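What follows is a single structure, written as structure tokens, with notes after it.
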Amino acid sequence: MFSGPLAVLGAASLTLVTLQAPVAAPASAQDAPPGPAQRVHEPPRKATVTGRGGAVTSVDPYASRIGLQVLRRGGNAVDAAVATAAALGVTEPYSSGLGGGGYFVYYDAKTKRVKTLDGRETAPAAMKHDAFVDPATGQPYPFTPDLVTSGVSVGVPGTPATWQAALDRWGSMPLADVLAPAAALARRGFKVDKTFHQQTDDNAERFNAFTSTRKLFLRHGKAPKVGSVFRNRQLARTYDLLAARGMGAFYRGALARELARTVRKPPVRRHTDLPVPRGRMRVKDLAKYAVVQHRPTHVGYRGLDVYGMPPSSSGGTTVGEALNILERYDLKTMTPAQVQHLVIEAAHLAFADRAKYVGDQSGVPVGTLLSDTFAAERACRIDPLHAFTPPVAAGDVTASDGSCATPSSRSGSGPDTEGVNTTNLTVADAEGNVVEYTLTIEQTGGSGIVVPGRGFLLNNELTDFSAVYDPADPNRIEPGKRPRSSISPTIVLRDKKPVLALGSPGGSTIITTVLGIIVNRLDLGMTLPQAIAAPRVAPSNKATLSAEQAFLDQYAAALALLGHTLAPAGAPGTSAAEIGAATAIEFGPRGLLTAAAEPTRRGGGAAAVVRRR
Ligand code: GLU
């Protein structure tokens, strides 16, 4: 197993990336001709499964099956989570992969503690305040098409370092063994489903703009057909290289040089009209990348302990603050519409505080934001009979005393350009270890740029920074900084033992998807599958409050009486029509596990257990 230097960066952070001399990708079976298409069968998709001995749930049946095989071979939850994530890099390459980042939350059954890894993408050192200003015009680049499909929005990837860090700290298998099933899947191929076809088709213009991306993901410039077999031998070779040399080979050497060069000079085809601004990433930005281990956020909720992801993600503080506000109400005794009213208002308030106080910087007032005192004064703002007109103002953390204090004036609510297409997985093993892991390349298809010949897309995560520079904004662009995320992998304990682990993709809607599932399950008495399937609303302190059509059908009339104006998700200025794609595991008595994924959103997810009950 890999071992390497640990460079201490500060009390709360460790560099966990090891750097070894890279070699050329080993020539091996990866170039062997693929098997016949008819031998590729999609494993069954089951949204909910109960059983014992370990469980895996993700959006994708191939990935969940690989995670399950690792558990069955004696791997632990961390081994299985990394193997599942590597498989998602094959089958969900537009949502995750080596070119992106993510947040890994781990419950260790031996110590009974929750740990986190922040593997967020990082701005290169040359990423100055004006990085999003077009030097040709002096104006900010438009978000589309310029910024999204660009080198300038690519952050230094954190996913490879996260996998290595998780395995080094808590895994039981070598990286090579954990990557092998995904490399085999990439070679063997998978059946293109409607989601993969549609996502490729939606990206066809961007993918056609780059020689490397067109070659990898398009067939004569078009999305591969539903039912055809998609193979990614480039990625298989990259996984082989990393298996042989460790993740250091990603951050130094030929691959790192190629990656940085691709960011600075994207392989643009002559045929495109897309402007594709260039980035400024250097090999030394990659060499400096560090995964950070933070203490998780924590709030108590109805006698349970809820742990989440601290900054650079806003997930833990925003979900936690909203829960603290909601805990002040006896939701069980209320009508469904009253409950939704309070959930919406609590989320608006927590989002206002997120905008004002949370970013990747020192001095974020996590303790105050998650205190019951602060929740008490924020809850004072809610009128049970009348809705806010968002944006609401942020609270004042400097004067928090639990009374109904005057809020500060700055709402801090800028335009929301976070992507909605990340991926999430939940794993538990027989020993009781649990992983909740959300990983992303930001937009569906990230920056649209494949590193030539390497089989993976680069992220556009830096568009999660505020687009306009403001020195008072905690999410302003700075060199070496991580853009604020909404990713909210969450583990809930009772008496130090897991009760529930959950997470979702969906940009800023992640926060309210996770919040909603917790409330549905813990307060409203729904089963876990019902809590996940329930229709979703996505309050984020914006003027437009978007909700899925089923939510509108159920609640719009009653909420209108309280003054809420809802818009159908998917309409211009709202979130995607389907909000989130959650996965979760519930821990029952005597080791019983309920592994759950979406029954229908994104085509339905895939849950699996080691032993069916
Ligand atoms: N970039 C988003 C974030 O970190 C995630 C995008 C998504 O969930 O689709 O919050």
Side-chain angles (χ1 to χ4, degrees), residues 58-59 85 88 92-97 99-105 116-123 143 147-148 153-159 162 195 199 202-203 308-319 350-351 354-355 358-360 414-425 436-447 457-467 474-475 477 481-490 502-515 536 538 540 546 569 574-583 598 601-602 605:
S58 80
V59 294
L88 290 169
E92 284 262 295
Y94 309 143
S95 303
S96 66
Y103 295 91
F104 192 103
V105 177
T116 76
L117 294 175
D118 174 336
R120 184 68 159 171
E121 300 91 330
T122 301
F143 182 70
L147 263 194
V148 174
S153 67
V154 179
V156 178
T159 291
T162 306
T195 306
Q199 290 179 342
D202 293 345
N203 272 295
M309 200 64 222
S312 58
S313 183
S314 61
T317 56
T318 315
V319 171
F351 266 93
R354 164 191 187 264
V358 183
D360 178 30
D416 183 1
T417 52
E418 283 175 46
V420 292
N421 208 335
T422 296
T423 199
N424 187 76
L425 59 101
E436 189 60 50
Y437 183 26
T438 314
L439 59 166
T440 181
I441 56 171
E442 209 332 73
Q443 299 281 313
T444 310
S447 64
L457 282 156
L458 292 168
N459 68 84
N460 66 304
E461 211 71 52
L462 302 187
T463 58
D464 277 1
F465 281 121
S466 303
N475 193 32
I477 304 177
K481 189 175 171 179
R482 297 169 185 214
R484 177 176 60 214
S485 173
S486 300
I487 286 175
S488 311
T490 304
L502 74 162
S504 176
S508 61
T509 71
I510 293 171
I511 289 167
T512 42
T513 292
V514 168
L515 179 68
R536 293 186 182 138
S540 61
S546 50
T574 67
S575 65
E578 286 180 341
I579 298 177
T583 70
E598 297 286 350
R601 292 181 185 96
R602 272 220 225 163

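Just so you know, ligand 1 is whichever comes first in the structure, and atom 1 is the first atom listed for that ligand. This one's a predicted model, so the numbers in the text were calculated from it and none came from an experiment.
Taking only nitrogen or oxygen atoms, main chain and side chain alike, Gly507 reaches within less than 3.5 Å of ligand 1. Taking any N or O of Asp464, backbone or side chain, at least one lies under 3.5 Å from an N or O belonging to ligand 1. In terms of polar-atom proximity, defined here as any N/O pair under 3.5 Å, Gly506 does make such a contact with ligand 1. On a distance-only criterion, Thr440 and ligand 1 share no N/O pair closer than 3.5 Å.
Of all the atoms in ligand 1, the ones that sit under 4.0 Å from a non-hydrogen atom of Glu461 are 1 (N), 2 (C), 4 (O). With ligand atoms numbered from 1 in the order given, ligand 1 contributes 8 (O) to contacts under 4.0 Å with heavy atoms of Pro505. Interface atoms of ligand 1 facing Ile510, defined by a heavy-atom separation under 4.0 Å, are 8 (O).
Under a 3.5 Å cut-off, the side chain of Asn460 and the backbone N or O of Glu442 do not form any donor-acceptor pair. The main-chain N or O of Gly100 is found under 3.5 Å from a side-chain atom of Thr159 such that the two form a donor-acceptor pair. Listed for the Asn459 side chain is no donor-acceptor partner under 3.5 Å among the backbone atoms of Pro157.
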Worked verdict on Val59 versus Leu88 for side chain to side chain contact (heavy atoms under 4.5 Å, CB included): CA-CA 9 Å; Val59 294; Leu88 290 169; 4.2 Å; yes

Would Val105 and Thr490 count as a side chain to side chain contact (heavy atoms under 4.5 Å, CB included) here? Give the steps. CA-CA 7 Å; Val105 177; Thr490 304; over 6 Å; no

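By the 4.0 Å N-to-carboxylate-O rule, Asp360 lies too far from Arg120 to be salt-bridged with it.
For the pair Asn424 and Pro505, the minimum side-chain heavy-atom distance is below 4.5 Å.
Residue-ligand proximity: Gln443 is placed with every non-hydrogen atom at 4.0 Å or more from ligand 1.
At a 4.0 Å heavy-atom cut-off, ligand 1 does not touch Thr438 at all.
Among Glu121, Glu442, Arg120, the residue whose heavy atom sits closest to atom 1 (N) of ligand 1 is Glu442.
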